[in-house]
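To start, the structure under review is shown below, and the notes come after it.
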Amino acid sequence: MGKKRVAFFSIFLFLAINVVSLSNVIEGYYGEESGRVYTFMSAAIVSTLFAAIAFFIWRKEEYKK
Amino acid sequence: MADEKNNHKQTEDQDMIKLIDNLNRKEDVGLNRRAFLKASFGATVAIGLATTPFGIFSYMRSEDGSVKRVEIADVKDLDIGESRNFGYPTKEDPAILVRTPDDKFVAYNNKCTHLQCPVFYEHKENILLCPCHKGYFNVDNGHPMAGPPQRELPKILLEVKDGKVFAVGREVRHG
Ligand code: FES
């Protein structure tokens with residue numbers, strides 16, 4: 001039960017991280033700051049991966065039986 | 001007669017079942033926890049992947065040299081200890097180019113990180129000064145030295161080529 005809840009709520013956390021990252025990537029891109037683009041792009045990809053893991057954990061628990 | 005009545009009752013029952021079925025399904029497809037989480041997950045993935053084109057384009061433009069290059073000055077036009085204003089990345093983003101006493105070129109966006117007054121180069125003390133509230137910045141790295149500003153000035157990356165100084169990028173530290 002605990003695992004499922006954590007997985008459930010962590011997806012919203014990763015969603016928030018991705019929103020912030022996307023806005024930073026866009027600002028970095030138009031502000032000619034390649035460093036900022038790469039940093040936040042990596043952050044977004046990592047958090048997307050974690051979100052996928054969390055989603056599969058949640059799905060496994062949710063549809064168990 | 002009784003048969004007919006029975007039949008009638010059965011169809012009525014079935015109609016009722018259909019009605020309930022419908023209600024449940026609507027609830028199921030619409031606002032429920034599972035669908036909500038799935039939609040959120042989908043949005044997370046979509047937004048996360050939306051960052052990659054920017055990374056790719058940014059990489060491509062630095063590879064093929066199509067970075068936004070702005071010619072700022074001729075090396076010989078700017079003596080040691082002099083400064084010049086320009087705009088980068090757009091004309092509306094004020095910036096300052098300084099040729100430091102040890103003959104290096106440095107450039108920063110010169111909006112003060114306190115309340116956005118323009119920052120000037122003070123030749124005698126070799127320092128960047130914001131006159132509004134006496135904010136001082138280090139010329140070599142843009143760090144605040146004294147006064148109200150807490151954050152560094154955004155640094156502009158330079159390239160000196162064929163006797164000309166170009167701005168080729170920007171580095172904003174600490175937002
Ligand atoms: S605006 Fe520069 S010190 Fe206040």
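A quick note: this is a predicted structure, and the numbers were derived from the prediction, not measured. Every chain is numbered from 1 and lettered A, B, ... according to where its sequence line falls, protein lines coming before strand lines.
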Check B:G48 against A:A44 and note the closest heavy-atom contact, atom names and distance.
O-CB, 4.1 Å

Quick check: is B:L49 connected to A:F55 through a chain of hydrophobic side chains (ILVMFWY, heavy atoms under 4.5 Å apart)?
yes

Transitively linked via ILVMFWY side-chain contacts under 4.5 Å: A:L13 with A:V46?
yes

Name the option with the most non-hydrogen atom pairs under 4.5 Å to chain B; the candidates are A:L22, A:T48, A:L49, A:I45.
A:L22

Report yes or no: do A:I57 and A:I17 belong to one cluster of Ile/Leu/Val/Met/Phe/Trp/Tyr joined by side chain heavy-atom distances under 4.5 Å?
yes

Do B:V45 and A:F14 share a hydrophobic cluster, counting only Ile, Leu, Val, Met, Phe, Trp and Tyr and linking them when any side-chain heavy atoms are less than 4.5 Å apart?
no

How far apart are the closest heavy atoms of B:S40 and A:L15, and which atoms are they?
O-CD1, 4.2 Å

Tell me whether B:R33 is salt-bridged to A:E62, with the criterion being a basic N under 4.0 Å from an acidic carboxylate O.
yes

Let me confirm one number: the CZ-OG1 distance from A:F12 to B:T44, rounded to the nearest 0.5 Å.
8.0 Å

The reported gap from CZ in A:F8 to CG in B:L37 (rounded to nearest 0.5 angstrom) is 5.0 Å

Give a yes or no on this: more than 12 heavy atoms of other residues, nucleotides or ligands lie within 6.0 Å of atom CZ of A:R59.
no

Atom group of A:V37 that falls short of 4.5 Å from chain B, counting heavy atoms
side chain

Has B:F105 got more than 12 heavy atoms of other residues, nucleotides or ligands less than 6.0 Å from its CZ?
yes

Over 60° means perpendicular and under 30° means parallel, so classify the ring planes of B:F41 and A:F56, tilted if in between.
perpendicular

Do A:Y29 and A:V19 sit in the same hydrophobic cluster, where Ile, Leu, Val, Met, Phe, Trp and Tyr count as joined when their side-chain heavy atoms come under 4.5 Å apart?
yes

Identify which part of A:A52 has an atom lying under 4.5 Å from any heavy atom of chain B, answering side chain, backbone, both or neither.
both

In the structure I gave you, are the side-chain heavy atoms of A:Y38 and B:F54 within less than 4.5 Å of one another anywhere?
no

Should A:M41 and B:Y59 count as side-chain neighbours, where that means a heavy-atom distance under 4.5 Å?
no

What's the separation between atom OH in A:Y30 and atom OG in B:S58, rounded to the nearest 0.5 Å?
11.5 Å

